[in-house]
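Within every chain, numbering begins at 1; the chains are lettered A, B, ... in the order of the sequence lines, protein sequences first and strands thereafter.
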2 protein chains.
Amino acid sequence: MSGKSTNITWHDQTVSKGRRREKSKHHSYVLWFTGLSGSGKSSVANAVAERLFQDETHTYVLDGDNIRFGINKDLGFSEEDRKENIRRIGEVSKLFVDSGQVVLTAFISPFRNDREEVRALLEDDEFVEVYVKCSLEACEARDPKGLYEKARQGIIKDFTGISSPYEEPANPEIVIDTEKSSIEDCVEQIVQFLKEKGYYRNI
Amino acid sequence: MSGKSTNITWHDQTVSKGRRREKSKHHSYVLWFTGLSGSGKSSVANAVAERLFQDETHTYVLDGDNIRFGINKDLGFSEEDRKENIRRIGEVSKLFVDSGQVVLTAFISPFRNDREEVRALLEDDEFVEVYVKCSLEACEARDPKGLYEKARQGIIKDFTGISSPYEEPANPEIVIDTEKSSIEDCVEQIVQFLKEKGYYRNI
């Protein structure tokens, strides 16, 4: 056996969350968007991601497209599977925060308890709950994907707002109202919060 | 209903993998380390991550510590669960690659088929399989965590190399031999490969 093999030492990760944040010059955290289907979660999340990206911040958006067809493709829409869906999204978010990125999640995430379990995975300054407020009537009138129509017809079961409850956040860090405000105004409101908290990159 | 609500448009992510790579000035891909327990996967992966970090590259290491106690804490060590373990690590890796980072994974991942399924999730230039070669005798002599001893005593079942097979990669992009080479030399070998492929950040 070669003597060199004894050189192998067993060390932890030397590139830590702290060093990554220092290098990137910005905090890392989750912006967790929650709200009814059609409330505007994805639109606002992507607009915030674009703004942050332009301001030299590393961002990543987790949404149905990259999660439901990927890591969670084995999950359906039973109560148990919806819970597991949110748990895994929380764990993936935690990895991204550890990697120094700002992660924006855009999922209905209707149950308060599931969201609180994600919050508990992270440090106090790493979880920002954004309640995307919009009345059921307005969401249903928009119905961008035709999902409310199918839910009303009974084609989609357990649809949040129609045949399954939506539990409003008790103490969200941010509430945006997409019935009253434009996307641009919602983005500005979120950016102001991040600046006040000291989470925003100095530019 | 407010007229502004009609302003909501439904757009995809505007911050794409391409724009992130352009901004970071480096390619994003997976360095998938595979090999026996004790072969040196974590040590070499972390040393490569440190080197890349110092050269202004965004890296993240996925290993047992941040995966087995997080997203995969519901999985055991049955054949089915080990397969699901690797599938999820592959999907998480794909998200990190999409986010513009270099992800280094350090898991035994003993089955060729599981590794090939991860490869198939990614583009041709996004998956670099690194076979961390080390004889069973040398790994067992190192036994840094005392696992081989427990496996020999039958306390740990289905232990790779002892009571469960390890399938060597058929066509790995890189083979490093931790019995013959120091960690530093292994890192240099990997860096040279990345430079030749044009994956390394110009500095």
Side-chain angles (χ1 to χ4, degrees), chain A residues 1-2 4-15 19-20 23-24 38 40 42-43 46-47 49-50 52-53 56 58-63 65-67 70-74 84 87-88 91-92 94-96 98-101 121 134-135 137-138 141-142 144-145 178-183, chain B residues 1-2 4-15 19-20 23-24 38 40 42-43 46-47 49-50 53 56 58-63 65-67 70-74 84 87-88 91-92 94-96 98-101 121 134-135 137-138 141-142 144-145 178-183 185:
Chain A
M1 230 176 76
S2 161
K4 282 188 179 170
S5 67
T6 56
N7 287 342
I8 301 280
T9 52
W10 304 93
H11 49 72
D12 288 335
Q13 300 204 7
T14 57
V15 187
R19 286 179 69 198
R20 288 193 195 92
K23 176 96 85 177
S24 295
S42 278
S43 294
N46 280 297
E50 177 66 45
L52 288 168
F53 180 80
E56 310 298 329
H58 301 100
T59 66
Y60 194 62
V61 178
L62 297 176
D63 58 21
D65 287 342
N66 56 24
I67 290 291
I71 191 158
N72 288 356
K73 71 178 179 187
D74 57 322
E84 173 67 5
R87 185 192 74 80
R88 288 192 204 163
E91 293 284 4
V92 170
K94 184 176 177 171
L95 293 172
F96 272 90
D98 194 38
S99 84
Q101 300 202 67
L121 287 177
C134 183
S135 70
E137 294 67 32
R142 290 173 187 166
K145 300 172 192 167
T178 61
E179 275 185 275
K180 297 192 181 133
S181 309
S182 66
I183 289 186
Chain B
M1 231 178 73
S2 161
K4 283 187 178 169
S5 67
T6 56
N7 287 342
I8 301 282
T9 52
W10 304 92
H11 46 73
D12 287 335
Q13 300 204 7
T14 56
V15 188
R19 286 179 69 199
R20 289 194 195 92
K23 176 97 83 178
S24 296
S42 280
S43 295
N46 280 298
E50 177 67 44
F53 180 79
E56 311 298 328
H58 301 102
T59 64
Y60 194 61
V61 177
L62 298 175
D63 58 23
D65 287 342
N66 57 23
I67 290 291
I71 192 157
N72 287 356
K73 70 178 178 187
D74 58 320
E84 173 68 5
R87 185 192 75 82
R88 289 192 203 163
E91 293 284 4
V92 170
K94 184 176 177 172
L95 293 171
F96 272 90
D98 193 38
S99 84
Q101 300 202 64
L121 288 176
C134 183
S135 69
E137 294 67 34
R142 292 173 187 165
K145 301 171 192 165
T178 60
E179 274 186 276
K180 297 194 180 132
S181 308
S182 66
I183 289 186
D185 289 345

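Between the side chain of A:Lys23 and the backbone N or O of B:Phe53, at least one donor-acceptor pair lies under 3.5 Å.
The shortest non-hydrogen separation linking B:Ser99 to A:Gln101 is OG-NE2, 3.0 Å. Nearest heavy-atom pair, A:Arg87 versus B:Ile71, reported as atom, atom and distance to 0.1 Å: NH2-O, 2.8 Å. Closest approach of A:Val92 to B:Val92, counting heavy atoms only: CG2-CG2, 4.2 Å.
When each of B:Gly70, B:Ser24, B:Ala49 is scored by its heavy-atom pairs under 4.5 Å with chain A, the top score falls to B:Gly70. In terms of heavy-atom pairs under 4.5 angstrom with chain B, the leader among A:Asn66, A:Leu52, A:Leu62, A:Leu121 is A:Asn66.
With a 4.5 Å cut-off on side-chain heavy atoms, B:His58 and A:Arg20 do not count as touching.
Residues meeting the side chain to side chain contact (heavy atoms under 4.5 Å, CB included) test with B:Asn72, sequence neighbours left out: B:Ile67, B:Leu75, B:Asn85, B:Arg88, B:Ile89.
Under the 6.0 Å cut-off for aromatic ring centres, A:Tyr60 and B:Phe96 do not qualify, their centroids lying 6.0 Å or more apart.
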